[in-house]
Structures are given as C-alpha cells and as structure tokens.
Q: 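Please see the structure below; I have some questions.
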Amino acid sequence: MSTTLATPARAQAATYAVLFAVTGGHLINDTLQAVLLSIYPILRDLHGLTFTQVGLITLTFQATASVLQPMIGLYTDRKPLPYSLPFAPALTLAGLVLVGLATSYAVLLVAAALIGIGSSIFHPEASRLARLSSGGRFGFAQSLFQVGGNLGTSLGPLLAAFIVVPHGQISVAWLAGFALISVGILSYAGSWYSHHLSPAGGGRKVVAVAPLPRRLVVTSLAILLCLMFSKFVYTSSMSSFLTFYLIETFQLSPEEAQIDLFIYLAAFAAGTLLGGPIGDKIGRKAVIWFSVLGALPFTLALPYANHFWTVALSIPIGFILASAFSAMLVYAQELMPGRVGLVSGLFFGLAFGIGGIGAALLGSLADYTSISFVYHICSFLPAIGLLTMFLPNRKQLEAAQSIG
C-alpha cells in the first residue's frame, strides 16, 4: 500500500524538481541579460556612446530574440527539442565573453545579438516545459517560471554594481561561469523532458485544436498585444533608462542608481507571483485589469517626485505591472490550445521586440529632448489598460467554446 502511494508522490516530486530546474535556468538567463542592461552607463563612458546607440544595443538584443522566438515555438509545437535548452545558455556564455572583451561598438552589438539568440531558443521550450511540469496548475507554474526570470532581472544590477563597476568591463566575462551552471541545470531538465516525450515516458503527440471562433481569438489577441505594448514600453523605460534618470536628475553615483534599480526590479519580481495563481482562481481578465491600469496613478506621479518618492513609487509600479505577463500568456494559451510553443514564442518574442523598439525610440527621444521628458510621456502608457474591458471573461469564453 505504501509503495503504491509513494510512486505518484515520487513522480510529483520529480515533476516539481523539473519545474524548479527550468525556473532556475530562467533566473540565470535573465540575470545575465540584466547585467548587459545594467552596465550601460559604464559602456557609454568607455565607448563614448549616445543614448541612441545605447537604445540600439537593447534593440539588437531584443530584436534577435523577438524575431526568432515565434518561429522556434511554431517548429517545436510539431517537433519538440528538449536538448535545445542547455544550448541556449551556451550562446549567452559566448555573448558575455564578447562583452567583456569588446573594444568597439560593433562587437558590443554582436555580443548583444548572441545573448538575444540564446533567449530566443530558451523561452519557448522552457515555457512549454513549465506548463508540462505544472500538474495542472498552469497559472502557478507560469508565475513561478516568470518569477525566476524577474528575480534574475533584479539581480543583474547588483552584479553590475558589486562586480562590474569595481573591476571594469573585463569582469563581465567572469560571469560566464553562471551560464555554465545553467547548462548543467537545463541538461537535467532536458533529459526529463526528452524521456517524458518518449513512448516509454508516456509521451504522445499533441494535436492542435481551435475550439474558439477565429474572430474571437484574433480580436482577443489584438487587445492583448496592445496591452503588452503598454506594459513593455513602460518597463523598457525603467530597465534601460532609470539609472540615467536618477543620475542626471538627482546627481546619484552609478552604484547608488544601480541599487535603486534593484529595488524596482525586486518589486517587479515579487509581483510576478501574483498574476498566475490568482488568475487560476478568479480569472485572467480580472488580473489583467489590475496589472495594467492599476499602475497608472503611480506612473503619473513619478516624473514629479523627489528622489525618495521616485524610488518609493517604483515599488508599486513594478509590483503591479509584473503580474500582467503570466496572466496574459496563460489567457492566450487558453485561446489557442495545442499551440503552447507558438503562443509562448510569440508573446516572449513580442515582449523582447516591443521592449527593444521602445528602448531605441525612447533613447532617440531622450537625445533630442531629455530623459525627464521621456518619463513624462511614458507615464500615460498604462491608460491603454482600459482596452481590457473588451476582453471576454471566463464565462464568455466557455460559452463561445460550447458554441464553437
């Protein structure tokens, strides 16, 4: 009797071990990405870059990820590639080494592209694996997976402040050791994934179905993309330019600005855990409402705040906006069942693409006006959250599914 009960328990423990492994891989992946974003002030001083050139580094990194992710997701919906997971941090490793050794702007762009390609390979399969190892708790699994990434994003500025700032650009290459750890972790996850897909592991091909009317799916996806534009352009303004804003507006040192950026990113990481589990209980639409429009009062106040209140306001902004993505992604996966890879690749790709284009445009705007003006303009972006009223709720989706 005890053996019979222990077998499912062991299987469940193994499943959660994989979920935590892929979350750990996400943490390392996004930590190393955030290091690149966090050392912009150092790179600008060393290489004499303009804000436009800084924005183009972000665009290169995020565009490579955004273009490739949907294609990789579409391909892996048909032919999963479990062992592509450890290959992704290997590319990130190469990019970090190049950043550490770069002597020209062109090499920095190549390094950013390598890091972006690594992310493009990682996210679709990792998101699918998080869902596969969720035990049916899709919102929880996606939120946990996302919190790994957002926690990593918050740790990046600390590594920059305490390693790169004191030791210089070459120390970026030292961080490649973290990528090696990720290769090992994701090799384990890929092995479980491969076994699960095999006939011996009980795997079978996933058949794509479209139970919802096409018009409803297209309209809902279009609204979600508008909401993602609002979220990711604003968060791009924070992750790419908040340190510059703090340094220029309040005369902080780069180390002090990095710590303030960490506070915002830590709040962002903490908020990520809310969206998925709450959406599992009360519906994704309610979470999306709060996670986009709820940040508006705080973003409107931020450009007029002093240093203390700027940092204080960044906490609810990051916390509220963070809960959006998991809810949006699971909502979209429910719109298109059987297309987890495509939806994940599309949404992660658009997240990178929108953020990259936003960073490039905001960088140019800052060059022609001021970094303060950028934050005045961006403060209105969460108002786009009003479009959430046109998304169908859970009952409407179920009714449309039964009709379709």
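Positions are given from 1 along the sequence. These figures come from a predicted structure and were not determined experimentally.
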Q: Check this for me: Phe380, atom CZ, are more than 12 non-hydrogen atoms of other residues, nucleotides or ligands nearer than 6.0 Å?
A: no
Q: Donor-acceptor check, side chain of Asp260 to backbone of Val311, threshold 3.5 angstrom: yes or no?
A: no
Q: How about Tyr375 and Tyr245: are their ring centroids closer than 6.0 Å?
A: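 Centroid distance Tyr375-Tyr245: below 6.0 Å, so yes.
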Q: Taking the cut-offs as 6.0 angstrom to the six-membered ring centre and 45 degrees off its axis, would you call Arg44 and Phe244 a cation-pi pair?
A: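 No.
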Q: So, taking the atom named CD in Glu255 and the one named CZ in Phe162, what distance separates them when rounded to the nearest 0.5 Å?
A: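 Answer for the CD-CZ pair, Glu255 versus Phe162, is 8.5 Å.
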Q: List the atom of Ser84, the atom of Ile121, and the distance in Å for their closest heavy-atom pair.
A: O-CG2, 3.5 Å
Q: Can you measure from SG (Cys226) to NZ (Lys231) and round to the nearest 0.5 angstrom?
A: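 These two atoms lie 15.5 Å from each other.
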Q: What is the minimum heavy-atom distance between Gly25 and Leu186, and which atoms define it?
A: CA-CD2, 4.1 Å
Q: Could you tell me how the ring of His26 sits relative to the ring of Phe122: parallel (under 30°), tilted (30 to 60°) or perpendicular (over 60°)?
A: tilted
Q: Could you check whether any side-chain N or O of Ser194 sits under 3.5 Å from a backbone N or O of Gly190, counting only pairs where one atom can act as donor and the other as acceptor?
A: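 Pair absent, no side-chain N/O of Ser194 close to backbone of Gly190.
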Q: Can you give me the closest heavy-atom contact between Pro157 and Leu265, atom names plus distance?
A: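 It is CG-CD1, 3.4 Å.
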Q: Starting from the C-alpha separation in whole Å, work towards a yes-or-no answer on side-chain contact (heavy atoms from CB on, under 4.5 Å) for Leu381 and Phe229.
A: CA-CA 9 Å; Leu381 284 172; Phe229 171 84; 4.0 Å; yes
Q: With a 4.5 Å limit on heavy-atom distance, are the side chains of Tyr264 and Ile315 in contact?
A: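 They are not in contact (no side-chain heavy atoms under 4.5 Å apart), so the answer is no.
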Q: Between Glu125 and Arg128, is a side-chain contact (heavy atoms from CB on, under 4.5 Å) present by the stated rule, with each step listed?
A: CA-CA 5 Å; Glu125 283 293 73; Arg128 186 204 310 279; 2.8 Å; yes
Q: Backbone N or O of Gln53 within a donor-acceptor pair of the Thr50 side chain at under 3.5 Å?
A: yes
Q: Please check this pair: side chain of Thr31 against backbone of Gly152, looking for a donor-acceptor N/O pair closer than 3.5 Å.
A: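 Answer holds: yes.
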Q: Can you measure from CD1 (Ile28) to CD (Gln33) and round to the nearest 0.5 angstrom?
A: 12.5 Å
Q: Test your reading of the model: is there a side-chain donor-acceptor pair from Ser191 to the backbone of Tyr188, 3.5 Å cut-off?
A: no
Q: For a quick test of reading the model, state the closest non-hydrogen atom pair linking Ala305 to Thr310 and the distance between them.
A: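 That would be O-OG1, 3.5 Å.
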Q: Can you tell me how far the CG atom of Leu361 sits from the CD1 atom of Ile377, to the nearest 0.5 Å?
A: 13.0 Å
Q: Of all the heavy-atom pairs spanning Ala173 and Val97, show the shortest one and how long it is.
A: CB-CA, 4.0 Å
Q: Can you list the residues that meet the side chain to side chain donor-acceptor pair (under 3.5 Å) rule with His47, with sequence neighbours excluded?
A: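 Per chain and number, His47 pairs via side chain to side chain donor-acceptor pair (under 3.5 Å) with Gln169.
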Q: Strictly distance-based, threshold 3.5 Å: is any side-chain N or O of Ser220 a donor or acceptor partner for the main-chain N or O of Val217?
A: no
Q: Going from CG on Leu151 to CG on Leu155, what distance comes out if it is rounded to the nearest 0.5 angstrom?
A: 4.5 Å
Q: Parallel, tilted or perpendicular for His376 and Tyr304, by the 30°/60° rule?
A: perpendicular
Q: Thr249 side chain to Leu246 main-chain N or O, any donor-acceptor pair under 3.5 Å?
A: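 No.
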Q: Between Tyr83 and Ser187, do the side chains contain an N or O donor and an N or O acceptor separated by less than 3.5 Å?
A: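 Judged by distance alone, the side chains do not pair up.
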Q: Please report the shortest heavy-atom distance between Ile57 and Ala112, naming the atom on each side.
A: O-CB, 3.9 Å
Q: Determine, step by step, whether Thr60 and Val110 satisfy the side-chain contact (heavy atoms from CB on, under 4.5 Å) criterion, reporting the C-alpha distance in whole Å, the side-chain angles of both residues, the deciding distance to 0.1 Å, and the verdict.
A: CA-CA 8 Å; Thr60 300; Val110 172; over 6 Å; no
Q: Does Phe241 form a side-chain contact (heavy atoms from CB on, under 4.5 Å) with Thr58? I'd like the steps, not just the answer.
A: CA-CA 11 Å; Phe241 299 110; Thr58 303; over 6 Å; no
Q: Please check if the side chain of Thr388 supplies one atom and the backbone of Gly385 the other of a donor-acceptor pair under 3.5 Å.
A: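 Confirmed, Thr388 side chain pairs with Gly385 backbone.
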